[in-house]
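Here is the structure we will look at.
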Amino acid sequence: MIRRRFLIGSLLASVILGSVAQAQERETEIDTSLIQEMQLGNPDAAITVIEYASFSCPACKNFHEGLFKQFKADYIDTGKINFLFRESYSSRIDLWASLVARCDSGEQFFGIVEIIFEKQAEWARLSDPVKISDQLRRIGLIAGQEQETIEQCMQDRQKAQNLVAWYQQNALEHEVKFTPSFVVISDETHKGIGFDEVTNLIDAATDG
């Protein structure tokens with residue numbers, strides 16, 4: 001197991017983790033190797049597409065309820081690509097949603113992601129953090145998770161810290177500046193691009 005040490009920035013960490021104690025910059029031992037990649041399609045495909053999305057992002061919701069369905073049918077379900085979904089965190093509510101989606105070892109991840117986006121207006125627009133967390137718990141229950149399991153997941157501070165560091169590492173590596181943002185990896189890597197470029201790059205690499 002490879003352990004790496006990251007310096008979690010005081011501002012981002014305090015906003016995302018929602019803790020006054022995090023306001024002071026400190027070095028924390030983080031093991032990002034523990035974070036599971038959420039994958040669809042063909043893991044052995046010559047082309048990998050990574051989507052960076054925020055659960056509270058309206059554009060991400062619109063993409064997953066619209067263009068993503070045809071994209072999945074054309075490129076993921078056919079085995080043309082390996083598709084990875086990576087969460088981006090603009091606030092702690094995105095992190096809470098991620099913790100719920102990744103409950104139960106991530107076995108229901110993409111199904112829960114679909115529900116989170118479907119019900120985005122019911123939780124992401126609330127101003128009360130308690131009500132937001134309650135709505136996210138309800139999503140977990142809808143997905144068939146046990147109440148006790150949901151509580152354990154949402155209170156898993158070590159996993160939360162690992163996820164924040166993982167997000168920071170990925171965002172830096174792939175120059176993620178907006179969501180949804182995409183990376184296409186084939187013979188070369190195209191970082192932080194919009195969806196309109198993704199299918200063109202895939203088709204060019206596979207001759208259509």
Subject >> Working for side-chain hydrogen bond (donor to acceptor under 3.5 Å, both in side chains), residues Q152 and D156 >> reply: CA-CA 6 Å; Q152 290 174 348; D156 190 341; over 6 Å; no

Original post:
So N170 and V176, side chain to side chain contact (heavy atoms under 4.5 Å, CB included) or not? Walk me through it.
Top reply: CA-CA 8 Å; N170 290 334; V176 178; over 6 Å; no

**OP:** Give the C-alpha distance, both sets of side-chain angles, the deciding distance and a yes or no for side chain to side chain contact (heavy atoms under 4.5 Å, CB included) between L163 and L99.
**Re:** CA-CA 9 Å; L163 282 168; L99 289 169; 3.8 Å; yes

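One hydrophobic cluster holds both I81 and V184 under the rule that ILVMFWY side chains link at heavy-atom gaps under 4.5 Å. A chain of hydrophobic side-chain contacts below 4.5 Å, direct or via other Ile, Leu, Val, Met, Phe, Trp or Tyr residues, connects F71 to F110. Both I112 and I132 sit in one connected hydrophobic cluster of ILVMFWY residues. Membership requires side-chain heavy atoms under 4.5 Å apart, directly or through other members. L84 and M38 sit in two unconnected hydrophobic clusters of ILVMFWY residues. Membership requires side-chain heavy atoms under 4.5 Å apart, directly or through other members. Residues I93 and V113 are members of one and the same hydrophobic cluster, defined by side-chain heavy-atom contacts under 4.5 angstrom among Ile, Leu, Val, Met, Phe, Trp and Tyr.
Put simply, CH2 on W166 and OG on S33 are 12.0 Å apart, with the number rounded to the nearest 0.5 Å. Residue C153 holds its SG atom at 6.5 Å from CD of Q145, rounded to the nearest 0.5 Å. Interatomic distance, CG of L201 versus CD1 of I185, reported as 12.0 Å (0.5 Å rounding). Taking OG1 of T179 as the reference point, atom CZ of F55 lies at 11.5 Å (rounded to 0.5 Å). With rounding to the nearest 0.5 Å, the separation of CG in D187 from CD1 in I47 is 8.5 Å. For the atom pair CD of E173 and CD1 of I50, the computed distance is 7.5 Å after rounding to the nearest 0.5 Å.
Closest non-hydrogen pair, N82 versus N42, comes out as CB-O, 3.1 Å. Residues W123 and A97 share a closest heavy-atom pair of CH2-CB, 4.1 Å. Taking each heavy atom of Q108 and A143 in turn, the nearest pair found is NE2-O, 2.7 Å. Closest approach of V183 to K191, counting heavy atoms only: CG2-CA, 4.2 Å. Residues S90 and D94 come closest through the heavy atom pair OG-OD2, 2.8 Å. Residues L136 and V100 come closest through the heavy atom pair O-CG1, 3.8 Å.
Among S56, S54, S98, the one residue that satisfies the side chain to side chain donor-acceptor pair (under 3.5 Å) test with Y89 is S98. Considering E114, E51, E118 in turn, E51 is the only one that fulfils the side chain to side chain donor-acceptor pair (under 3.5 Å) rule with H64.
The side-chain heavy atoms of P129 and W96, taken from C-beta on, include a pair separated by under 4.5 Å. Residues F83 and F68 form a side-chain contact, since some pair of their non-hydrogen atoms from C-beta on lies under 4.5 Å apart. Side-chain contact between Y75 and D203 is present, with at least one heavy-atom pair separated by less than 4.5 Å. In this structure the side chain of I150 reaches within 4.5 angstrom of the side chain of L141, judged on heavy atoms.
Judged by distance alone, the side chain of Q39 and the main-chain N or O of G41 form a donor-acceptor pair under 3.5 Å. Side-chain N or O atoms of E197 include none that pairs as donor or acceptor with a backbone N or O of F182 at under 3.5 Å.
Classification of R102 and E87 as a salt-bridged pair holds, one side-chain N sitting under 4.0 Å from a carboxylate O. Salt bridge status for R137 with E151: present, with a side-chain N to carboxylate O gap under 4.0 Å.
Crowding of Q147 atom CD: a count of heavy atoms from other residues, nucleotides or ligands under 6.0 Å exceeding 12. Summarising the local packing, CD of E146 is surrounded by 12 or fewer heavy atoms from other residues, nucleotides or ligands at distances under 6.0 Å.
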